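Here is the structure we will look at.
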Amino acid sequence: MRLHPAALGLLVLAAACTSTPPPPATVADLPDIDAGAALQHIRMLASDEFAGRAPGSDGETKTVDYLIDQFKAIGLQPGNPDGTWTQKVPLVGITPSDFTPLVVKKGGQSHAFAHDAEVVAFSQHVADTVSVENSDIVFAGYGVQAPEFQWDDFKGMDVKGKTLIVLVNDPPVTNAAGELDDAVFGGPAMTYYGRWTYKYEKAAELGAAAVFIVHETERAGYGYNVVQGFGGERFDLITPDKNMGRAAIQGWLSWDAATALLKMAGQDLTALKAKANTRDFQPVPLGLTASMSFRQSMRTIDSQNVVAKLEGSDPVLKNEYVVYTAHWDHFGIGEPKNGDPIYNGAEDNASGTAALLVMADAFRKIQPAPKRSILFLAVTAEEQGLLGSEYYAKFPLYPLAKTVADINVDDNLPLWGRTKDVIVVGLGASDLDDYLRAAAAEQDRVLAPDAEPEKGFYYRSDHFNFAKVGVPALSTDAGIDYIGKPEGYGREKKDDYTTNDYHSPSDEVKPDWDMSGYAEQAKLLLAVGYRVAQADAMPQWKPGNEFRAVREASLKEAGGR
């Protein structure tokens with residue numbers, strides 16, 4: 001049958017109208033991020049009504065309900081395979097009280113270090129009382145055993161039942177030129193050995209009764225006031241042994257308190273620190289004893305990770321997952337600062353949680369839809385030690401071998417305008433950086449390494465728990481090269497936030513925020529996730545990366561791609 005030319009033209013037009021649209025060729029072709037909606041979400045989540053979003057509080061209930069309502073309105077599916085929107089995370093909340101001072105003795109000499117002002121102590125033991133009594137004190141350098149760097153701060157010393165004093169961060173090892181040696185502990189970049197969590201884990205492994213980290217603002221990346229905030233209720237995952245395998249007391253000493261303590265032993269902290277920076281360091285028994293006790297009240301709760309899913313469009317690849325994470329929690333109601341007891345957590349991390357919502361909304365609009373499934377995972381208890389993401393990594397809702405990437409959004413989107421740079425925490429770790437670099441170039445932006453690698457940010461947010469189990473993980477940060485701003489503006493803003501607002505009630509929505517950079521960077525992360533979802537192959541860790549072997553073993557065990 002021959003068609004009239006006009007009819008043929010109509011058929012061609014109809015076919016064109018019903019055909020699949022071409023995939024977005026550039027970042028600009030993707031749906032824009034709704035900055036106004038993001039700000040509205042941040043205002044709500046960081047409002048006094050949500051009371052600081054502490055796990056186990058009314059603030060958690062309001063937060064979880066809000067997120068579920070928003071994901072439903074966007075049109076996503078419940079992310080738990082059981083048909084619900086949440087994953088229960090069993091936690092024990094431990095609140096210490098009735099502290100005795102840390103009493104340090106040498107013979108007949110005794111000094112009491114005041115709790116909070118000089119020492120901050122807590123415990124993971126699920127027990128009504130915690131104490132150490134006349135425990136011998138040992139200065140153990142950085143508290144590190146790292147065979148790959150031929151480093152051992154303990155040199156075979158038996159520290160069972162002893163109290164350890166250790167330094168914060170990694171040993172800053174220098175080369176012959178007096179510069180930080182990149183071949184040892186990552187040079188200027190912190191390794192996991194520098195994290196306080198590692199130091200507590202190592203003390204437990206060696207049977208120590210107590211361990212105190214000496215605080216230094218520059219090396220820790222935050223002030224002692226932040227450490228003081230660690231002394232309230234703390235949550236932990238519930239373990240079968242009720243955490244009795246941990247050191248009874250864990251905590252921090254201010255620099256001045258540590259200096260005074262070592263002076264009692266006839267030692268100089270600065271001199272000992274210099275010795276601790278070398279492989280030859282020997283642990284130093286101080287001839288001192290430590291005693292301290294406190295009571296604890298406990299409660300068990302089921303906190304919640306909120307998980308929403310956009311199912312992939314490919315019949316095979318939909319069983320693989322790109323995960324976006326952000327922690328919804330903050331510190332709730334605590335010690336008032338300037339009369340304000342509510343730790344609203346606007347930047348940390350209502351801003352990241354809001355990004356999950358606006359990126360989810362944008363993903364729903366992309367045509368063609370992503371081939372792989374996209375999970376939006378708002379996790380609990382990050383501020384308590386990355387507990388929500390740790391639980392997910394231990395009990396994943398979807399196989400880790402089928403989890404192709406984690407893209408984490410934690411307090412890391414620009415809030416003061418657009419930036420030329422995109423900071424990547426752990427730049428060069430995986431193929432995700434290549435996706436990011438290509439997409440950033442389309443925005444006329446460049447990648448920059450972490451400006452503060454010594455603070456170990458790669459180990460301080462939820463992507464780390466995915467990395468530990470082998471899933472390639474990406475963590476960016478707000479750049480500091482702000483467009484149209486004077487030189488040094490970005491650094492000034494970052495330092496001001498760290499000094500004045502970080503983990504403080506003053507972390508609230510600022511009236512002069514400029515959300516243009518937030519929207520631009522959220523769109524960048526959207527592009528990375530979409531392109532990973534469309535790719536033929538999964539992203540991989542770069543050769544030599546510490547997590548590559550874990551991933552390869554996971555894929556091999558699963559018989560995967």
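Along the sequence shown, the residues carry numbers beginning at 1. What you are looking at is a predicted structure, and each value in this text was computed from that prediction instead of being measured.
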Decide salt bridge (charged side-chain N to carboxylate O under 4.0 Å, His left out) for E216 and K273; before the verdict, give the C-alpha distance in whole Å, the side-chain angles of both, and the deciding distance to 0.1 Å.
CA-CA 12 Å; E216 293 181 76; K273 180 181 174 182; 2.8 Å; yes
Does any part of the side chain of [Y], heavy atoms only, come nearer than 4.5 Å to the side chain of [X], both counted from C-beta?
X	Y	value
L237	V89	yes
L436	T476	yes
T419	I480	no
D421	L447	no
L45	T63	yes
W255	Y224	no
V168	H215	no
Y518	S351	yes

Taking all heavy atoms of [X] and all of [Y], pick out the closest pair and write down the distance.
X	Y	result
I423	P449	CG2-O, 3.9 Å
I342	G52	CG2-N, 3.9 Å
R460	L386	O-CD2, 3.8 Å
I249	A121	CG2-CB, 3.9 Å
G251	F122	CA-CE2, 4.1 Å
P543	R548	N-NH1, 3.6 Å

Output, in order, the C-alpha distance, side-chain angles, deciding distance and verdict of side-chain hydrogen bond (donor to acceptor under 3.5 Å, both in side chains) for D411 and Y502.
CA-CA 10 Å; D411 178 19; Y502 179 62; over 6 Å; no
Could you go through the side-chain contact (heavy atoms from CB on, under 4.5 Å) check for Y142 and N277 one step at a time?
CA-CA 8 Å; Y142 288 86; N277 293 345; 2.7 Å; yes
[atom1] ([X]) with more than 12 external heavy atoms under 6.0 Å:
X	atom1	value
K275	NZ	no
K337	NZ	yes
E148	CD	yes
K105	NZ	no
N338	CG	no
K155	NZ	yes
E218	CD	no

[X] (side chain) donor-acceptor with [Y] (main chain) under 3.5 angstrom:
X	Y	result
N305	G388	yes
R279	F149	yes
D170	G194	yes
Q267	L262	no
D450	V425	no
D329	E383	yes
R53	N344	yes
H463	Y458	yes
H125	R246	yes
Q521	D477	yes

Verdict with supporting geometry, S303 and E60, side-chain contact (heavy atoms from CB on, under 4.5 Å):
CA-CA 8 Å; S303 190; E60 167 166 359; 2.9 Å; yes
Is [X] salt-bridged to [Y], cutoff N-O under 4.0 Å?
X	Y	answer
D501	K510	yes
R195	E201	no
K542	D433	no

Inter-residue atom distance [X].[atom1] - [Y].[atom2], 0.5 Å rounding:
X	Y	atom1	atom2	answer
K494	W416	NZ	CH2	13.0 Å
L180	F185	CG	CZ	12.5 Å
Q250	T197	CD	OG1	10.0 Å
I407	L474	CD1	CG	6.0 Å
F294	T129	CZ	OG1	9.5 Å
E382	N465	CD	CG	9.5 Å

Would S475 and N408 satisfy side-chain hydrogen bond (donor to acceptor under 3.5 Å, both in side chains), going step by step from the backbone distance to the final call?
CA-CA 5 Å; S475 179; N408 192 46; 4.7 Å; no
Out of F230, F331, Y222, which one pairs with H503 under the ring pair (Phe, Tyr, Trp, His ring centres under 6.0 Å) rule?
F331
Can you tell which of F139, F281, Y193 makes a side chain to side chain contact (heavy atoms under 4.5 Å, CB included) with D153?
F281
Please confirm whether Y192 and F464 have ring centers closer than 6.0 angstrom.
yes
Are F50 and H330 an aromatic pair by the rule of ring centers under 6.0 Å?
no
In chain order, what residues pass the side-chain contact (heavy atoms from CB on, under 4.5 Å) check against D236, with sequence neighbours excluded?
V92, Q124, N243, L387
Check the side chains of D256 and S254 for a donor-acceptor pair under 3.5 angstrom, ignoring hydrogens and angles.
no
So I165 and I137, side-chain contact (heavy atoms from CB on, under 4.5 Å) or not? Walk me through it.
CA-CA 7 Å; I165 308 295; I137 304 178; 3.6 Å; yes
Check the pair K202 / L164 against side-chain contact (heavy atoms from CB on, under 4.5 Å), numbers first and verdict last.
CA-CA 11 Å; K202 178 55 64 174; L164 304 181; over 6 Å; no
Can you list the steps and then say if Y497 with D507 is a side-chain hydrogen bond (donor to acceptor under 3.5 Å, both in side chains)?
CA-CA 8 Å; Y497 173 76; D507 182 4; 3.2 Å; yes
Tell me whether K485 forms a cation-pi arrangement with Y482, defined as NZ or CZ under 6.0 Å from the six-membered ring centre and within 45 degrees of its axis.
no
